[in-house]
Amino acid sequence: MRRSQLFIKTRREAPADEEARNAQLLIRAGYIHKEMAGVYSYFTLGKAVLENVSTIIREEMNAIGGNEVLMSTLQNKEIWEITNRWDDKQVDNWFKSRLVSGAEVGIGFTHEEPLTNGLKHFVSSYKDLPVYAYQIQTKFRNELRAKNGLLRGREFLMKDLYSYSRNEQEHKEFYEKVAAAYLKIFKRLGFAEDITYRTFASGGVFTEFSDEFQILSHVGEDTIFLDKAKKLAINKEVYADEILVKLGLNKADLVEEKAVEVGNIFSLGSKYSDALGLVYVDDQGRQKSILMGCYGIGVSRLMGLIAEHFADDKGLVWPVNIAPFKVYLASLGNDPKVIEGAESAYTSLTRSGVGVIYDDRALATAGEKLVDADLMGIPGRIVISDKTVEQGVVELKLRTSDEAQLIPNNDLAGTLEKLLQD
RNA sequence: CGGGGUGUGGCGCAGCUCGGUAGCGCGCACCGUUCGGGACGGUGAGGUCGGCGGUUCAAAUCCGCCCACCCCGACCA
């Protein structure tokens with residue numbers, strides 16, 4: 001994409017109404033726009049990052065048998081009354097509205113009820129199970145207080161997966177598959193394995209514990225106690241001596257850390273399926289309950305955490321596979337030979353399928369272009385100038401390095417890909 | 001929801017204590033000089049000071065109510 005066609009403009013200063021570093025940087029670099037507290041829009045670059053994060057999640061969900069769906073945002077009150085989750089006394093973070101007729105509708109904060117209800121049309125026999133369905137969709141939760149930029153909003157992008165299994169064993173197997181897939185996802189998103197912890201947390205009504213996936217970070221809202229050797233952690237909310245004994249954790253081995261909850265998996269038993277009448281008939285003709293699980297990942301929260309986690313004093317630093325573009329191509333000066341060189345590099349990179357943003361702004365100074373490349377956090381930076389044109393090379397610098405190198409013009413894409421690999 | 005803070009052109013701020021008809025930087029437009037780390041000079045456009053009400057000859061400035069935003073706490077199946 002040409003920078004001249006990108007409508008956003010970067011800013012020198014952080015907005016006064018954001019304290020969170022992730023929001024400050026994402027706004028300064030033009031990725032997101034704040035609409036109101038806890039509500040953000042995603043402009044071109046931000047949208048691309050969300051897509052890239054989503055793609056990784058989608059690939060791993062598909063790999064374990066997930067069906068991607070897209071559930072409605074507007075919710076029919078009737079099915080939520082059946083499970084007793086419509087009442088504001090039961091669920092206090094609903095956004096609700098009304099049809100012109102006066103009928104109440106909800107704005108979805110999760111989707112167990114509608115999905116379970118919808119599956120009644122397709123599931124009746126043991127042959128129809130198990131079912132794994134997930135979506136990447138905007139959720140709405142009327143939080144008492146939004147904070148921390150993208151880390152806690154009232155509207156946010158979430159991946160939610162729901163499993164429907166025939167028995168406990170089948171459920172447990174899938175549950176563990178999801179747990180493994182989650183660890184894979186966080187690793188692919190660039191988080192080191194030693195800062196990601198599967199964490200015991202309160203389980204709610206159905207099981208004693210649920211599993212949270214926590215990534216260590218000073219901006220975390222959660223406090224966890226972790227056992228580095230065992231790669232396990234326990235959330236402060238359930239931390240107690242008898243629980244430690246039960247989990248086989250030794251108090252002396254635990255370290256207290258702040259962490260961000262990026263995923264959470266729950267066993268739901270048959271509460272919702274039974275209530276909504278989603279059951280199956282086994283091979284003996286007996287009617288059986290279906291066991292459910294739900295598995296969430298905060299997609300936009302992850303984007304915020306990645307921004308926060310990798311940023312340096314010059315701005316954002318995206319891991320290669322989630323950056324909106326692989327390389328920032330900047331032409332310095334308006335010498336026709338430089339323009340020609342930059343245009344040809346742009347064409348050849350684009351043809352090779354390398355995502356490139358080409359800063360072709362004739363009126364921008366060299367400094368502005370270089371500063372923007374850093375602020376936007378694009379992994380690679382290619383500079384075309386008088387000097388490079390003379391030598392028949394281009395200058396390449398990685399965002400994470402201080403040193404530039406000159407590389408030959410031919411096979412630009414190949415060299416670049418190789419360098420970005422490491 | 002309790003406590004604290006803030007609200008002045010697109011953005012960041014000063015002015016408010018001691019009322020007297022709005023200022024700086026960035027950005028934007030035009031001209032010229034520049035062009036490897038957010039260039040420089042000149043000219044110019046753009047706000048009626050979060051909203052409503054009150055006090056006063058006069059309100060960004062004083063008083064009241066409301067709204068929004070930020071931080072801490074509570075909360076976050």
Side-chain angles (χ1 to χ4, degrees), chain A residues 7-20 23-24 27-30 33-40 80 83-94 109-113 139 141-149 151-154 156 158 160 201-207 209-210 212 219-223 235-237 260-261 264-269 271-272 292 294 296 298 301 313-315 328 330-335 338-339 359 361-376 381-389 394-395 397 402 404 406:
Chain A
F7 71 78
I8 62 97
K9 201 175 283 185
T10 58
R11 293 197 215 170
R12 202 182 295 260
E13 289 161 314
D17 66 348
E18 291 287 2
E19 192 112 333
Q24 288 189 344
I27 289 170
R28 282 188 55 208
H33 177 251
K34 184 185 205 160
E35 300 295 344
M36 60 181 99
V39 179
Y40 297 87
W80 293 86
T83 56
N84 195 222
R85 289 216 287 180
W86 179 257
D87 193 335
D88 290 332
K89 289 190 202 79
Q90 302 300 320
V91 175
D92 62 7
N93 61 6
W94 266 114
F109 67 98
T110 186
H111 286 264
E112 285 85 359
E113 279 81 349
K139 293 284 184 285
R141 294 187 186 176
N142 204 345
E143 298 283 350
L144 251 43
R145 182 183 157 208
K147 56 176 172 178
N148 259 326
L151 300 187
R152 178 169 296 282
R154 298 201 166 91
F156 54 94
M158 179 171 170
D160 43 328
S202 61
V205 221
F206 315 101
T207 50
F209 301 109
S210 69
E212 292 176 343
V219 296
E221 294 176 21
D222 287 27
T223 302
N235 195 306
K236 193 173 188 176
E237 68 189 26
V260 174
E261 181 187 341
N264 193 336
I265 63 181
F266 270 91
S267 292
L268 298 178
K271 179 181 177 181
Y272 299 112
M292 288 176 61
C294 73
R301 174 180 282 183
D313 56 346
K314 289 181 180 156
Y328 196 102
S331 54
L332 304 191
N334 292 313
D335 181 329
V338 170
I339 306 290
D359 197 339
R361 295 173 299 170
L363 295 174
T365 61
E368 283 176 284
K369 293 185 180 186
L370 300 177
V371 164
D372 273 4
D374 285 342
L375 177 59
M376 288 180 175
R381 188 192 80 189
I382 290 178
V383 164
I384 312 281
S385 68
D386 296 337
K387 297 176 216 161
T388 67
V389 170
V394 304
E395 175 193 294
K397 190 184 89 63
D402 287 329
L406 300 177

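All heavy atoms count here, side chains included; hydrogens, waters and symmetry mates do not. Per chain, numbering begins at 1; letters A, B, ... match sequence-line order.
R152(A) places its CZ atom 13 Å from the C1' atom of A74(B), with the value rounded to the nearest Å. Rounding to whole angstrom units, CG of residue D222(A) and C1' of A77(B) are separated by 14 Å. Between the CG atom of D87(A) and the P atom of A77(B) there is a distance of 18 Å, rounded to whole Å. A straight line from CD of E237(A) to P of C75(B) spans 11 Å, rounded to a whole angstrom. Rounded to a whole Å, the CD atom of Q90(A) is 14 Å from the P atom of C76(B). Here A77(B) presents its C1' atom at 12 Å from CD of E212(A), a figure rounded to the nearest Å.
Applying salt bridge (charged side-chain N to carboxylate O under 4.0 Å, His left out) to E18(A) and the options K147(A), K34(A), R28(A), R11(A) leaves one that passes, K34(A).
E368(A) meets the side-chain contact (heavy atoms from CB on, under 4.5 Å) test with A364(A), T365(A); sequence neighbours excluded. Here N84(A) pairs with Q90(A) under the side-chain contact (heavy atoms from CB on, under 4.5 Å) rule; sequence neighbours left out. The side-chain contact (heavy atoms from CB on, under 4.5 Å) check on D92(A) picks up nothing, with sequence neighbours excluded. Taking E19(A) as the reference, nothing meets the side-chain contact (heavy atoms from CB on, under 4.5 Å) condition, with sequence neighbours excluded.
Between the P atoms of C13(B) and C18(B), the separation comes to 26 Å (whole Å). Between C70(B) and G64(B), the two C1' atoms lie 24 Å apart (nearest whole Å). Comparing G36(B) with G51(B), their C1' atoms are spaced 49 Å from each other, to the whole Å. Here, C40(B) and C35(B) have their C1' atoms 12 Å apart, quoted to the whole Å. For the C1' atoms, the distance from U21(B) to G47(B) is 14 Å, rounded to whole Å. C65(B) and A22(B) are spaced 29 Å apart, taking the P atom of each and rounding to whole Å. Separating the C1' atom of A45(B) from that of A29(B) is a span of 7 Å, rounded to the nearest Å. Taking atom P in both G46(B) and G23(B), the straight-line distance is 13 Å, to the nearest Å.
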So which protein nitrogen or oxygen atoms get under 3.5 Å of nucleotides 68-73 of chain B's nitrogens or oxygens?
{"from": "C69(B)", "atom 1": "OP1", "to": "A37(A)", "atom 2": "N", "distance (Å)": "3.0"}
{"from": "C69(B)", "atom 1": "O3'", "to": "K34(A)", "atom 2": "NZ", "distance (Å)": "3.3"}
{"from": "C70(B)", "atom 1": "OP1", "to": "K34(A)", "atom 2": "NZ", "distance (Å)": "2.9"}
{"from": "C72(B)", "atom 1": "OP2", "to": "R145(A)", "atom 2": "NH2", "distance (Å)": "2.5"}
{"from": "G73(B)", "atom 1": "N7", "to": "R145(A)", "atom 2": "NH1", "distance (Å)": "3.4"}

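Across all strands shown, A45(B) forms no Watson-Crick or G-U wobble pair with both key distances under 3.5 Å. If you check A74(B) for Watson-Crick or wobble pairing at under 3.5 angstrom, you find it has no partner at all. Under the Watson-Crick and G-U wobble criteria, each requiring two contacts below 3.5 Å, nucleotide A60(B) is left unpaired. Using the Watson-Crick or G-U wobble rule with both distances under 3.5 Å, G12(B) pairs with C24(B). For C65(B), the paired base is G51(B) (Watson-Crick or G-U wobble, both distances below 3.5 Å). Nucleotide G19(B) forms no Watson-Crick or G-U wobble pair with any nucleotide shown, as no partner meets the under 3.5 Å limit on both distances.
By the 4.0 Å N-to-carboxylate-O rule, E112(A) lies close enough to R85(A) to be salt-bridged with it.
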Annotated protein contacts, base or backbone, on nucleotides 32-49 of chain B with a non-hydrogen cut-off under 4.0 Å, one of B, S, - each: ---BBBBB----------
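In this structure, the separation between CZ on F109(A) and CG on N142(A) is 11.5 Å, given to the nearest 0.5 Å.
Looking at heavy-atom distances under 4.0 Å, A14(A) makes contact with sugar-phosphate atoms alone, never a base.
Contact record, G220(A) with V260(A): CA-CG2, 3.5 Å, taken as the closest heavy-atom pair.
Under the 3.5 Å distance criterion, with hydrogens and angles disregarded, no donor-acceptor pair is assigned to the side chains of E395(A) and T388(A).
You'll find the side chain of E261(A) stays beyond 4.5 Å of the side chain of N235(A), heavy atoms only.
Mapping K9(A) and T110(A) onto RNA chain B by nearest heavy atom places K9(A) at the nucleotide closer to the 5' end.
Within the 3.5 Å criterion, the main-chain N or O of A362(A) finds a donor-acceptor partner in the side chain of N334(A).
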